[in-house]
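First the structure, in the form of structure tokens, and then the observations on it.
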Amino acid sequence: MGTRYLHREEGKRAHRPRSKDMSEQMQATHWADIYADKIIREKGPKARYTCASGITPSGTVHIGNFREIISVELVARALKDKGCDVRFIYSWDDYDVFRKVPKNMPNPTLLETYLRKPITLVPDTTGRAENYARANELDVEKILPVVGIHPEYLYQAERYRSSIYAEGMRTALEHRAEIKAILDEYRTTPLPDDWWPISVFSSFTDKDTTTILGWDGQWGVTYRDDETGQTETIDLRTTPYAKLPWRIDWPMRWAREGVDFEPAGKDHHSEGGSFDTSKKVVEVFGGKPPVSFQYDFISIKGRGGKISSSSGEVISLYDVLEVYTPEITRYLFVGTRPNTEFAISFDLDVLKIYEDYDNCERIYFGLLPVNEKRRAKEKRIYELSQVGEVPTEPSYQIPFRHLCNLLQVHGGDIDAAIATLDGVTPGQMDRLKVRCQCAWTWISTFAPEDFKWHLATASDKPLALEGASLASVRALVPEVEKLDEYDEKAFAERLYAVAAEAGLEGPEFFKTVYLVLIGKERGPKLAGFIKTCGKEKILPILRRY
RNA sequence: GGGCCGCUAGCUCAGCUGGUAGAGCAGCAGACUCUUAAUCUGCGGGUCAAAGGUUCGAUCCCUUUGCGGCUCACCA
């Protein structure tokens, strides 16, 4: 997973050796660069910096969770761009307890019998993977490479169950009073005197409904299964059943992995939240808290109708990638400071986002002159938005809205639509196709009705036209046959001539032709529209009259 | 109760480390022998929530207040 970055580094050196860029780099105004600087400043020079992220895969990993992942990836990239060696770890906290059956899961009755067990032992009733947690993990692991993210995954169930953290758990037990004091600072009711900084799944039932009875001061922990009443003594060095509760688990892993940077949501970052206590608890493990920041939530806009929020369905990275290309998906996050909330839109805003991105790209390639400050800013945003190495040529910038119409001309046939475009270079083709797929998904699924239409076909039943309307449509045929002889303006003049000769006012004529062609009273500006469609598509429709 | 974040043109927001504010949409005007436009052009004096403070100078820093939102104090 490191090689991709290596290529990217090489690419950058090859393409941007100008000294002007160096001074721009120095200023570091992008938030990812600012945090990279801060990490280096606070952690000092290191052979390798560790950036971490993670989540409990207790349900579909949604786009809000993705914000943390990409935030870390961007800071990791920024560190690499400064020449640092970086380890980017992603923790699947899949030894956490299954506490609630999510909505819309098949076979909820079966799932209910697994409550209180670790999610990694819960069956996947969707049949996608060997267990419930793994199914959620796989969804993410499969899609992240699409947006250029390649973390090193750490599976906590596997790690705990193989007793990798035996030392950590023992350390926690040894510092029980100290940890309790830290946690109690913020609790309304203090932890009980018989509290232990460790939790145990029952070896009899796999559930966490257990009570710790004692610790022998070494590796032995005795617990009771609250359901069956059985007791057992386990050895931390060999048992798969013990783990640390979250507020201790997190700092223990900071210390163990030497985490230098890990952001977190606002739920963790409040005073008394888990980041707050963890940065104190981590000292017990001989570590230091990572540099961090708080990222805000993400909302969704413009998916009314398709998704009902009450259904329990959530928007994932996969859904976003249906409408936004990988680099534009990154761009959404790159261009927004992490501590501000924003909405990912599926409505008309999509057009503007594409336009903004294209502008950013034009600025990067010097095709759109702006002042130095703006240029430096957009340039960095463009770089960080790229999935892999920064392209050497701009993409084929067909406006999204125009692309939607072009695709509708061809009924969604992407190859046919692309075939009508001039000057697409081989290097642009892949990105253009992805943009086409996104445009087609958007226009056919999320666009307002006003934007949607489809061309009539020869097999459709013709409209019942008569009089001047019928005459005008018939008179249009010979003009369209000579379509290629006219430029757009000349053809527009012919359209007016046809209308006049048939005795129709302009508006009435246009309305008729739109009804004939796309079944709507209004449409794209007619002359250009017919030229875009081409006579091969238009004539069969008109000749039915 | 604690913490965090907002409050900027009618609307949505930029303004990233202080130099008397910008963009999109909407609106208005105009152009193309062309429509209720998939076009292009022009038009933006808004006490930057309020009051103090620091400064030569603050939307941007500090303090206080108001309004709105989120979050913690249970688990992860």
Side-chain angles (χ1 to χ4, degrees), chain A residues 27-35 37-38 54-58 93-100 116 119 156 183-191 199 208 243-250 264-277 293-297 299 301 335-343 345 347-349 351-353 355-356 359 373-374 376-377 380-381 398-406 408-409 443 450-451 453 488-497 499-500 505-514 520-529 532:
Chain A
Q27 293 176 13
T29 54
H30 191 273
W31 59 264
D33 293 316
I34 290 171
Y35 276 102
D37 286 339
K38 187 175 181 191
I55 195 180
T56 303
S58 60
D93 299 340
D94 50 12
Y95 210 32
D96 289 346
V97 176
F98 186 54
R99 58 185 66 251
K100 199 173 83 181
R116 308 311 315 177
I119 51 176
Q156 298 306 339
L183 297 184
D184 278 346
E185 275 180 57
Y186 299 98
R187 296 178 62 93
T188 28
T189 53
L191 293 162
S199 64
D208 73 338
K243 70 174 295 230
L244 292 169
W246 167 246
R247 281 184 187 244
I248 304 159
D249 171 63
W250 201 20
K266 55 169 82 174
D267 48 340
H268 297 298
H269 264 290
S270 286
E271 188 166 291
S274 57
F275 188 88
D276 213 34
T277 54
F293 64 69
Q294 179 186 110
Y295 56 88
D296 210 317
F297 297 145
S299 54
K301 198 165 153 254
T336 311
R337 286 217 293 280
N339 63 346
T340 57
E341 190 177 340
F342 76 102
S345 293
D347 59 15
L348 252 44
D349 289 354
L351 304 175
K352 184 175 187 300
I353 301 291
E355 210 171 287
D356 288 348
N359 273 330
K373 194 175 171 186
R374 172 93 191 277
K377 174 188 162 187
R380 189 59 179 146
I381 289 174
I398 179 168
F400 198 75
R401 191 168 185 174
H402 184 248
L403 183 55
C404 287
N405 285 304
L406 185 63
Q408 290 188 102
V409 168
I443 193 68
D450 291 353
F451 283 68
W453 48 265
E488 186 175 326
K489 186 169 178 178
F491 185 61
E493 287 173 17
R494 293 306 308 153
L495 290 177
Y496 272 83
E505 293 293 325
E508 190 60 29
F509 170 72
F510 286 112
K511 182 175 159 185
T512 302
V513 178
Y514 285 125
K520 303 179 93 166
E521 295 195 357
R522 288 183 288 278
K525 198 166 176 177
L526 194 55
F529 178 60
T532 301

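So you know, we letter chains A, B, ... as the sequences are listed, proteins then strands, and number each from 1. What you see is a predicted model, and the numbers here were worked out from it, not measured in a lab.
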Mind calculating the distance between [atom1] ([X]) and [atom2] ([N]) to the nearest angstrom?
{"X": "A:N405", "N": "B:rA37", "atom1": "CG", "atom2": "P", "value": "14 Å"}
{"X": "A:Y295", "N": "B:rC5", "atom1": "OH", "atom2": "P", "value": "17 Å"}
{"X": "A:N339", "N": "B:rG3", "atom1": "CG", "atom2": "P", "value": "18 Å"}
{"X": "A:Q294", "N": "B:rC72", "atom1": "CD", "atom2": "P", "value": "11 Å"}
{"X": "A:L351", "N": "B:rA26", "atom1": "CG", "atom2": "P", "value": "11 Å"}
{"X": "A:R187", "N": "B:rC74", "atom1": "CZ", "atom2": "C1'", "value": "7 Å"}
{"X": "A:K243", "N": "B:rC75", "atom1": "NZ", "atom2": "P", "value": "12 Å"}
{"X": "A:F275", "N": "B:rC72", "atom1": "CZ", "atom2": "P", "value": "16 Å"}

Taking only the [atom1] atom of each, what is the distance from [N] to [M] in whole angstrom?
{"N": "B:rG46", "M": "B:rA23", "atom1": "C1'", "result": "15 Å"}
{"N": "B:rG10", "M": "B:rC28", "atom1": "C1'", "result": "13 Å"}
{"N": "B:rC16", "M": "B:rG53", "atom1": "P", "result": "25 Å"}
{"N": "B:rU41", "M": "B:rC32", "atom1": "C1'", "result": "11 Å"}
{"N": "B:rG24", "M": "B:rA58", "atom1": "P", "result": "29 Å"}
{"N": "B:rG18", "M": "B:rG57", "atom1": "P", "result": "16 Å"}
{"N": "B:rA49", "M": "B:rG68", "atom1": "C1'", "result": "11 Å"}
{"N": "B:rU47", "M": "B:rC5", "atom1": "C1'", "result": "24 Å"}

- What pairs with A:Y496 under ring-ring contact (aromatic ring centres under 6.0 Å, His included), at least two apart in sequence or on another chain?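 Result, ring-ring contact (aromatic ring centres under 6.0 Å, His included) vs A:Y496: A:F510.
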- Does A:F275 have any ring-ring contact (aromatic ring centres under 6.0 Å, His included) partners at least two apart in sequence or in another chain, and if so, which?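 With sequence neighbours excluded, A:F275 shows a ring-ring contact (aromatic ring centres under 6.0 Å, His included) to A:W250, A:W254, A:H269, given in chain and number order.
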- Message: If we count only N and O atoms by modelled type, under 3.5 Å, do the side chains of A:N339 and A:Y295 hold a donor and an acceptor together?
- Response: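 Side-chain D/A pair, A:N339 to A:Y295: absent.
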- Task: Verify the distance criterion only: is there a donor paired with an acceptor across the side chains of A:T340 and A:D296 at less than 3.5 Å?
- Result: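 No, no side-chain donor-acceptor pair sits under 3.5 Å.
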Quick check for you: among [options], whose closest atom lies nearest to any side-chain atom of [X]?
{"X": "A:R337", "options": "B:rC16, B:rG2, B:rU33", "result": "B:rC16"}
{"X": "A:K377", "options": "B:rC16, B:rU33, B:rC72", "result": "B:rC16"}
{"X": "A:R247", "options": "B:rU35, B:rA76, B:rC74", "result": "B:rA76"}
{"X": "A:Y496", "options": "B:rC74, B:rU33, B:rA76", "result": "B:rU33"}

So [X], base contact, sugar-phosphate only, or nothing? Heavy-atom distance under 4.0 Å.
{"X": "A:F529", "value": "base"}
{"X": "A:L348", "value": "nothing"}
{"X": "A:P245", "value": "sugar-phosphate"}

- Query: Do you know which two heavy atoms are closest between A:E341 and A:F297, and how far apart they sit?
  - Reply: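 The pair with the smallest heavy-atom distance is CG-O, 3.1 Å.
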- Message: Please find the pair of heavy atoms, one from A:T277 and one from A:S274, that lie closest to each other, and give the distance.
- Response: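 Taking every non-hydrogen atom into account, OG1-O, 3.3 Å.
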- Go ahead and write out RNA chain B as dot-bracket, 5' to 3': ( ) for pairs within the strand, [ ] for ones crossing earlier pairs, | when the partner sits on another strand, dots for unpaired; Watson-Crick or G-U wobble, both distances under 3.5 Å. (((((((..((((........)))).(((((.......))))).....(((((.......))))))))))))....
- Message: Side-chain N or O of A:T188 versus OP1/OP2 of B:rC74: is the shortest distance under 4.0 Å?
- Response: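 Answer is yes, contact under 4.0 Å.
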According to side chain to side chain contact (heavy atoms under 4.5 Å, CB included), who are the partners of [X], at least two apart in sequence or on a separate chain?
{"X": "A:R116", "value": "A:V97, A:R99, A:K207, A:D208, A:T209"}
{"X": "A:T188", "value": "none"}
{"X": "A:R401", "value": "A:L351, A:N405, A:F451"}
{"X": "A:I55", "value": "A:N65, A:Y90, A:W92"}

- Expected string for nucleotides 66-71 of chain B under the B/S/- scheme (protein heavy atoms, under 4.0 Å, primed atoms plus P, OP1, OP2 as sugar-phosphate) is ----SB
- Item | All salt bridge (Lys or Arg N to Asp or Glu O under 4.0 Å) counterparts of A:D94, not counting sequence neighbours |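 Counting only residues at least two positions away or on another chain, A:D94 forms no salt bridge (Lys or Arg N to Asp or Glu O under 4.0 Å).
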